[in-house]
Each structure stands twice: as structure tokens, then as C-alpha cells.
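On a predicted model such as this, the values are computed, not experimentally measured, just so you know. Only heavy atoms go into these numbers, but all of them, side chains included; no hydrogens, no water, no symmetry mates.
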Amino acid sequence: MGINSKITKKINEKCEKEKDVKALIIDLLNFENEGKAHYKEEYKKMITKHIEEIKKYEN
Amino acid sequence: MRIDCIKITNYRQYKSVNFNFSHTIKNDLNMILAQNGVGKTNFLNALTWCLYEVETHNSEKSNSLPLLNLKVIEELNEEETATVEVEMIFNYGIKKITVKRTQEFIKRSEMTSKIYANPSHYQITIIDEFDALPKQLYNLEAKNYLDRFLPESISEYFFFDNEQLDSYFTKNKSQAIKSAIIEITQVKLLSDATNHLEEILKDYRTYIKKSTPALEKAHDEHEKCIKNVEEIENCICELTTQIDISKKKIEENSKILKGTPKIKDDEIRLEEIKKQMDSENNNLDEINKDLHAFIRKYRVLLALYPDVIKTLDLIKQQEEMGKLPIDVSVEILEKILEQKKCIFCNEDLSEEGINNINRMIEKNRYSSSTSTLFLSIKSELVRFVQDSKEYPNTKKTLLNRKHQIEQRISSLEAERKAIKSRLASRTDIDNLKKVIEENDMHEVLLRENEIKLGIKKENLESAKNSKTKAAEEYQEELKKDKKFGEMKNQILFAEKAYNIMKESYDELLDEMKSQISSKTFDNFTNLIWKTNTFKEVSIDEHYNLDIMHMLNYSSISSCSAAERALLALSFTLAIHNVSGFSAPLVIDSPVGRVSDTNRKNFGEVLVKVSESKQIIMLLTPSEYSEEVKNLFDQVNSNKFVLKMFNEENTYISGGNNCD
């Protein structure tokens with residue numbers, strides 16, 4: 001089951017001025033929805049990945 | 001998501017049945033008709049056993065019967081095995097998900113028909129249109145997968161029976177309602193993500209905290225504030241649970257104690273009566289003593305009264321004839337004569353005065369002993385007569401006092417007997433006393449916990465403010481820091497995500513709660529015939545659901561069983577609708593408590609809901625009344641009639657087999 005559209009709509013609203021963080025939040029929520037294990041490793045990877053993407057975009 | 005097929009083999013009275021829920025028309029409304037005792041509730045139990053290995057709708061009788069079909073047990077030889085199997089096939093968009101639970105039983109003894117069960121085996125098979133191979137999941141992994149779309153914690157909101165509907169809104173259900181809203185609306189994903197992110201942030205912060213003293217101090221302060229907020233939130237949760245437990249106990253106990261006498265009050269009153277009676281009995285003893293003394297005194301007085309009167313009359317006569325000596329002291333007279341002056345008025349005595357005094361002295365000196373005696377006893381006799389005259393009043397006073405005391409004693413005795421009789425009529429008095437004690441304890445606990453909860457909530461506000469301030473100060477220190485540049489960025493980035501998710505969680509929960517209560521009310525007004533009685537449905541901050549009367553009174557406790565059942569259904573439909581939750585609804589005896597007009601309303605609502613959601617209803621023929629039949633027969637996708645063979649095996653009298 002995908003993420004409830006009400007949640008994604010709320011995140012979009014909140015990330016209106018913080019677009020860089022929106023992608024991370026969506027990834028985190030998808031991770032939780034898939035019920036995977038070992039969140040610490042995956043979370044750190046996702047955070048690092050998104051920071052790198054922002055840096056690339058800024059460069 | 002919908003159920004395509006259910007196969008039940010050897011489960012209780014179901015030896016082998018297949019339900020194929022085909023869906024070709026607009027409405028996805030499916031009916032299973034069966035008389036009582038044929039297996040409607042065990043159909044529900046089969047589903048929950050398959051999914052969660054629990055039979056949530058069991059009666060006591062079912063608990064004592066083995067899971068394996070009795071006919072199958074009978075036919076087994078010693079050491080032979082048979083398997084119970086329930087399989088459900090779900091259609092979920094591009095996925096076909098098969099959930100199967102099997103359990104093997106072995107017959108140890110032919111004589112006693114005793115069977116032993118091996119642990120059950122649980123398997124989920126997922127066939128995705130875009131995947132070449134099916135995916136197999138087993139046991140715990142399968143359970144975790146299932147929990148994502150049919151969580152066990154909220155199974156009563158998609159598999160339920162009418163018997164449980166009216167207990168949905170007891171006070172202790174508030175946590176269950178909150179959990180249901182959080183799970184079904186998926187808001188739980190936000191809280192899970194936030195919690196996990198918080199752990200990551202903790203790790204990052206701990207790693208870099210020793211970079212500078214100022215950063216370390218800010219970090220420690222921030223951690224302290226986070227921990228403080230967590231502790232207060234946990235405490236609030238615990239207090240809310242305790243409050244719910246106390247309310248539930250008080251409600252249960254009030255039902256037991258309703259109409260019974262207040263035993264504790266009666267016992268206290270008995271003690272008081274005993275003390276009062278002891279006191280009054282002492283008073284009675286005193287008054288009796290007074291009466292005896294009175295009788296003794298007046299026995300003498302009254303016996304002597306006639307003679308006393310005669311003697312007094314004689315004394316009066318003597319006095320009138322001047323035969324009694326003057327009632328004055330001779331010494332005083334002699335002193336006056338000596339001073340030739342009255343010692344009372346200090347006037348000089350005249351010649352006549354001196355002569356009178358001499359005559360008085362002469363008279364007293366020469367009077368008889370009898371006359372003297374008369375004079376000396378006169379005052380006593382007068383007092384004697386006065387006392388005797390007091391006899392009627394004194395007697396009346398004493399007797400009145402005694403009478404009043406006796407009346408009070410009699411009244412206390414009557415009250416004592418009445419209380420004892422009342423207490424004696426209750427044979428379960430010991431049990432009642434325990435219930436009262438437990439109730440009193442929970443009343444006290446409830447008051448104390450509500451006060452504590454109020455304090456904790458205020459503390460939470462203040463703790464959150466401190467945490468925000470500490471977080472800001474920590475961020476300031478972090479920005480100033482020269483080392484750990486990379487990790488610093490990760491912390492700042494993750495904190496942004498954390499704050500947004502936390503705010504979103506709080507806001508979404510409030511919005512969902514508000515939408516659900518509004519939708520519940522809409523559904524409810526469509527289901528019942530009363531149009532001008534109720535004003536709104538409310539869900540308070542503790543997730544207690546209530547329905548408000550037009551005049552703003554809370555009405556949930558005064559709703560009829562049917563109204564509560566309809567309210568529970570309205571709530572469930574609202575949750576599904578607001579959350580977009582796509583699970584099917586399986587309802588046992590949906591119109592059992594609902595009459596006539598309400599049945600028609602009920603039917604119309606379900607027909608509407610079935611346009612976007614699969615509904616499977618289990619009905620008795622009596623529930624399948626004319627108005628229901630007319631409505632459902634036009635739109636139902638599938639109708640199965642269950643019958644029983646030899647009171648042992650349930651089979652489908654009409655319906656399709658699964659592929």
C-alpha cells in the first residue's frame with residue numbers, strides 16, 4: 001500500500017520553503033512503509049545521499 | 001484491496017468450503033446467509049486464525065472443542081495426521097497476495113480420540129504483475145508484511161461482529177481508538193520515522209559533543225531536555241491508561257452495585273446505633289435510680305402527711321393563742337436591755353420599750369418545753385408539706401424523661417433491625433464488600449491521577465519550551481564549531497526533517513480526528529431514523545468518542561444498543577473513508593439489533609459504501625428480512641447459503657469454487 005495522499009500533501013505543504021528536505025522525508029516514509037529492518041544504516045545513507053545531491057545541485 | 005477467495009479445510013465445522021468472491025458489477029456487496037449455530041461466527045474466526053492465529057470471536061463452547069473438524073478426527077486411525085488449512089487470496093492492485101495458515105494434527109489414541117497439534121505454519125505468496133517469480137514469505141517475515149496492510153491491532157475495524165460493536169465506546173477504548181486512527185491513517189509512519197531519526201541524531205550529537213566545552217554543555221543540556229520531554233510524555237501515557245482502567249472498573253462495578261444498599265454506610269450506621277443505645281441505656285439506668293429514690297422519699301412523706309398537717313394546725317392554734325414563746329433569742333433581748341438601745345436601728349429605748357422587752361424575756365423563760373419544741377419543728381413541718389405538694393410535678397417529670405428515653409431506645413432498635421435485615425438479605429455480601437472497596441480505591445486513584453495528569457500536561461508545555469530553547473542554543477554552538485563540518489551538516493539537515501515530520505504528525509492527527517468525527521456523524525445520521533435528536537460526534541483529546549444531544553448533553557451512555565452498534569459502524573466507515581484505507585469490511589450480523597426503518601437505512605448505506613469497498617456480510621434468515629432482501633438482491637455480487645449436514649459439517653448450498 002502506498003503512502004496516504006493526505007500525508008504526502010501535508011509534507012508538500014510543510015516543505016514549501018524547505019524543498020531540499022522534502023525528498024529525504026519522502027524516502028524515510030517509504031522506508032517505514034516497506035517495513036524494512038536496520039533503519040540506522042539506511043537512514044544515515046539516505047541523509048548523506050541527499051546532502052550530496054544538494055551539494056551537486058548547488059555546484 | 002479485496003478478498004477474491006477464501007478456502008477453508010477441516011477447520012471446525014467446515015470440512016471443505018470455497019468462497020469465490022467474484023466482482024463484475026458496480027457494487028462489491030457479498031452475503032453469507034446461515035441459521036444460528038451453522039457457522040457464521042466461525043467463518044470470522046477462520047479468517048482471524050488464518051491471518052493472526054487467534055480466534056477473536058470464540059464462545060466458551062468453541063474453546064473446549066479442538067480446531068480440527070470432529071468428523072475428520074473420528075475417521076482418523078491411530079498415528080494418522082490431518083491438516084487444518086485456511087487460505088485467503090487478496091487482490092491488491094497489481095499484486096495477488098495469498099495468505100495461508102496450516103496446522104497438522106496427529107491422533108495418538110483411537111480409544112480416546114485425543115489429538116495433538118504441531119505448531120502452525122504461516123505463509124504469504126506475493127505475485128506481482130511485473131515480477132517474473134512469485135515471492136514467498138514465511139512466519140515472522142510474513143506476519144510483518146501482513147501488518148502493513150491488515151494490522152492485527154486494528155483488526156476489529158475490518159473484521160467484526162455485532163456482539164462487540166456496542167462495547168466500542170466504553171471509556172477504556174480510547175487508546176484503542178487513538179491507535180486505530182494512527183494506524184489506519186498511516187500517521188504512524190510519521191511517528192516511526194521521527195522516532196528513528198531522533199535516534200540517529202542522538203548518535204551524531206554524542207559523537208561530536210566533546211569538540212568544545214560550550215558544545216558539550218549545549219549538547220548535554222539538549223539531551224537532558226529531550227529526555228525530560230520523553231519522560232513526561234511516557235508518564236502522561238501511563239496516567240491516561242491508568243485513568244481509562246479506573247473508569248472501566250468503576251463502570252463495571254457500578255453495574256454490579258446498582259440498586260444494592262450501601263453496605264459500608266449501613267455498617268457505619270450500625271456502629272453509631274450501638275453507641276447511641278449504650279448511652280441511652282445508661283440514661284435509663286440513671287432515671288430508674290432517680291425514680292427509686294423518689295418513691296422511697298415520697299413513701300415516707302405521703303404516709304406522714306396527714307399527721308404533719310394535724311401537728312401544724314395545732315402549732316398555728318397555739319401561736320394564735322399566744323402560747324408559743326416568741327421566736328427570738330433571749331441573749332439578744334438581754335443585750336438590748338443592757339445598752340438600753342435597739343441593736344438593729346440604734347434608737348434609744350423608751351420606758352415602754354424596756355417594759356416590753358422585760359415581758360418577752362419573762363415569757364420565754366417561763367414557756368413550756370412542748371411549746372419550745374413546737375416552735376423548733378414548725379419550719380421543718382412547713383418544708384415537709386411543701387415537698388409533699390411537689391409530688392405530682394416531680395413524678396410527672398421523671399416519668400416523662402423515662403418515657404422519652406424508652407422511645408429513643410425503641411426507635412434505635414427498630415432501625416438496627418431494619419439494617420440487619422437488609423444486610424442479611426444479601427448472600428453475596430462479602431463479594432459486594434470487595435467490589436465496593438475496589439470501587440472506592442479506583443475512585444480515589446481516578447481523582448489523584450486526573451490531578452497528576454493536569455500537572456504533567458502543564459509540565460510538558462514548559463519542558464517542550466525548554467527543549468526548543470536548548471535545541472536552538474545547541475544549533476548556535478554547532479554553527480560556531482570548526483570541526484566535524486560534514487557531520488554538522490548532517491545534523492542540521494536531519495533536524496530540519498525531524499521538525500517538519502513532528503509538526504506534520506501533530507497537525508495531521510488533529511485534522512484526521514476532526515474529519516473522522518464529522519464523517520462519523522454524517523454516517524450515523526444516514527443510518528438512524530432520529531433526525532432531530534443528535535447534534536454532533538466528538539472525539540476529545542483523550543480519544544473518547546461521544547455523541548452530543550441537540551441540547552449539548554453527552555448521549556453515548558443513554559444510546560440504545562442498536563444506536564451504539566450503528567455508531568460503531570459509522571465510526572469504522574468514517575475511518576476507512578477519511579484515511580483512504582482500502583481493506584474489505586467483514587461484518588457478522590450487521591442488522592441483528594436494528595429494526596425496520598433503521599434496517600432499510602442501514603442497507604442503503606452499505607449499498608453506497610460497497611461501490612468503493614468490498615463488504616462481506618454474514619446474516620441469519622431473520623435478518624435477511626423483506627426490506628433488506630429487496631435492497632441487497634438487486635446489487636449483491638455474491639450470495640452464499642450455508643447449511644449443516646448431520647449437525648457436524650457446514651457446506652455451501654450455493655456459490656462458486658475458487659480456481
Handout entry: Interface moiety of B/D147 toward chain A, non-hydrogen atoms closer than 4.5 Å
Key = neither
Practice task
Using non-hydrogen atoms and a 4.5 Å limit, figure out which bit of A/T48 sits close to chain B: side chain, backbone, both or neither.
Solution key: both
Exercise for the section: Measure distances from A/K9 to the heavy atoms of chain B and classify the residue's part below 4.5 Å as side chain, backbone, both or neither. Expected result: neither
Problem - Side chain, backbone, both or neither of B/M1 within contact of chain A (heavy atoms, under 4.5 Å) - result: neither
Practice task
Can you tell which part of B/E141 gets under 4.5 Å to a heavy atom of chain A, answering side chain, backbone, both or neither?
Solution key: neither
Problem - B/D4 and B/K96 ion-paired at < 4.0 Å - result: no
Exercise for the section: Check each atom of B/Y204 against the heavy atoms of chain A and say whether the ones under 4.5 Å are side chain, backbone, both or neither. Expected result: side chain
Exercise for the section: Check whether A/L29 gets within reach of chain B through its side chain, its backbone, both or neither, counting any heavy atom under 4.5 Å. Expected result: both
Handout entry: Distance in Å, B/H23 NE2 paired with B/S610 OG, rounded so as to fall on 0.5 Å steps
Key = 8.0 Å
Handout entry: Expected output: side-chain A/K6 to main-chain B/Q186 donor-acceptor under 3.5 Å
Key = no
Handout entry: B/E230/B/K227 salt bridge by N-O under 4.0 Å criterion
Key = no
Problem - Segment of B/N144 engaging chain A (4.5 angstrom heavy-atom cut-off) - result: neither
Problem - Heavy-atom donor-acceptor pair, B/T206 side chain to B/K202 backbone, under 3.5 Å - result: yes
Problem - Pair B/R205 + B/E495, salt bridge at N-O below 4.0 Å - result: yes
Practice task
May I ask you to name which of A/K22, A/E13, A/K40 has the most heavy-atom pairs under 4.5 Å with chain B?
Solution key: A/K40
Practice task
Can you sort out the partners of A/K56 under salt bridge (Lys or Arg N to Asp or Glu O under 4.0 Å), two or more places apart, ordered by chain and number?
Solution key: none
